[in-house]
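Let me begin by presenting the structure, written as structure tokens, before commenting on it.
Any value given below was found using the heavy atoms of this structure, including those in side chains, with hydrogens, waters and symmetry copies removed.
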2 protein chains.
Amino acid sequence: MTTNSACSLIDMETLERIAPIIRHTAHPLRLRILDFLSSQDEPQTVTAIIEACKSPQAIVSQQLRILKDQNVLTARRDRNHVKYSVANNNVLLLLDCIRRH
Amino acid sequence: MTTNSACSLIDMETLERIAPIIRHTAHPLRLRILDFLSSQDEPQTVTAIIEACKSPQAIVSQQLRILKDQNVLTARRDRNHVKYSVANNNVLLLLDCIRRH
DNA sequence: CGCGTATATTGTGATATAACTATCTATAGT
DNA sequence: ACTATAGATAGTTATATCACAATATACGCG
């Protein structure tokens, strides 16, 4: 009976639940969006995000949807603008990881 | 001239360099491998990793290669065994993120 | 209503990733 | 040399993702 030394491995269900969120977030443009949004204290319009990313509207919009689908971002309509903000602060730890090189 | 409030966004080159590493790591089985290896204080053989993951040999071997290609793991041969260990401690922060739910 | 601005969706072709089976190489022991 | 064990690689099919172009929707205003 080879008693395993460390027994507190993260269970597979958790890994399977979290991995896609991280995988979907780990994309240059989506990280940029996340970084930008987390740097602002107000939710930002799509136009502002497009500006910050210097990327085509359709592509940014797609990425926003992906992040929203993963519950990383939330969107709320404000008159004829849609404002996005970071929904899940856990994901911001990713950015910390990256900043620490 | 709309002086941008926060100017310290992570540059795109960095994001493009780091994103694939994170993306390749954010896979249930690969995270499990990483978690296992980081829980042991000695490098582990492929067989031990297979055991810890309860996954087929070929699949584990493939994942090990992917993690090695991303310089997340290193391997060294020890007689007729190959022992893997974590090469890049930064990536372990991912596991911390996950543990903190 | 009709137009402009803001944002979302769809369709497409190229490329990447996943899981799996089968096979191959290398080494150790006899 | 023969066999068993340890590990890596190749081939395959299904599915996912990418970037992009084109089009659609939604809202506010005159």
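- Contact annotation: Tyr84(A) side-chain N/O to dA6(C) OP1/OP2 distance is not under 4.0 Å.
- For the pair Arg76(B) CZ and dA8(D) C1', the interatomic distance rounds to 19 Å; values are reported in whole Å.
- Residue Arg65(A) has a polar side-chain atom (N or O) positioned under 4.0 Å from OP1 or OP2 of dT9(C).
- A straight line from CG of Asn80(B) to P of dG7(D) spans 7 Å, rounded to a whole angstrom.
- A straight line from CD1 of Ile49(B) to C1' of dA8(D) spans 14 Å, rounded to a whole angstrom.
- Considering only side-chain atoms of Ile59(A), the nucleotide from dA10(D), dC20(D), dA26(D) that sits closest is dC20(D).
- For Gln63(A), the side-chain atoms get nearest to dA19(D) when compared with the rest of dA19(D), dT27(C), dG11(D).
- Nearest to the side-chain atoms of Val82(B) among the listed nucleotides dA10(D), dA8(D), dT27(C) stands dA8(D).
- There is no path of hydrophobic side-chain contacts, each under 4.5 Å, that joins Ile22(B) to Ile66(B).
- Comparing His81(A) and Leu29(B) against DNA chain C, the residue whose closest nucleotide sits nearer the 5' end is His81(A).
- In this structure, CG of Leu67(B) is placed 14 Å from C1' of dT17(C), rounded to the nearest angstrom.
- In terms of modelled atom types and a separation under 3.5 Å, the side chain of Ser38(A) and the main chain of Phe36(A) share no donor-acceptor contact.
- Gln62(B) has its CD atom 10 Å from the C1' atom of dT17(C), to the nearest Å.
- Taking 4.0 angstrom as the limit, Thr47(A) places a side-chain polar atom (N or O) nearer than this to OP1 or OP2 of dT7(C).
- Checking the phosphate oxygens (OP1, OP2) of dT5(D), no side-chain nitrogen or oxygen of Arg79(B) falls inside 4.0 Å.
- Side chain of Ser61(B) to backbone of Ile59(B): no donor-acceptor contact under 3.5 angstrom is found.
- Among the nucleotides dC27(D), dA18(C), dT7(C), the one closest to the side chain of Ser61(A) is dT7(C).
- Other residues, nucleotides and ligands contribute over 12 non-hydrogen atoms within 6.0 Å of the CD atom of Gln70(B).
- Look at His24(A) and you won't find any side-chain N or O under 4.0 angstrom from OP1 or OP2 of dC18(D).
- At distances below 3.5 Å, at least one donor-acceptor pair connects side-chain atoms of Arg23(A) with backbone N or O atoms of Ala26(B).
- Taking atom NZ on Lys83(B) and atom P on dA26(C), their separation rounds to 21 Å, with Å as the unit.
- Here the C1' atom of nucleotide dT23(C) and the CD atom of Gln57(B) are 11 Å apart, to the nearest Å.
- Regarding contacts with the backbone of dA19(D), a side-chain N or O of His27(A) is found under 4.0 angstrom from either OP1 or OP2.
- Counting to the nearest Å, the P atom of dT17(D) and the CZ atom of Arg23(A) are 7 Å from each other.
- For Arg30(A), a side-chain nitrogen or oxygen approaches OP1 or OP2 of dC18(D) to under 4.0 Å.
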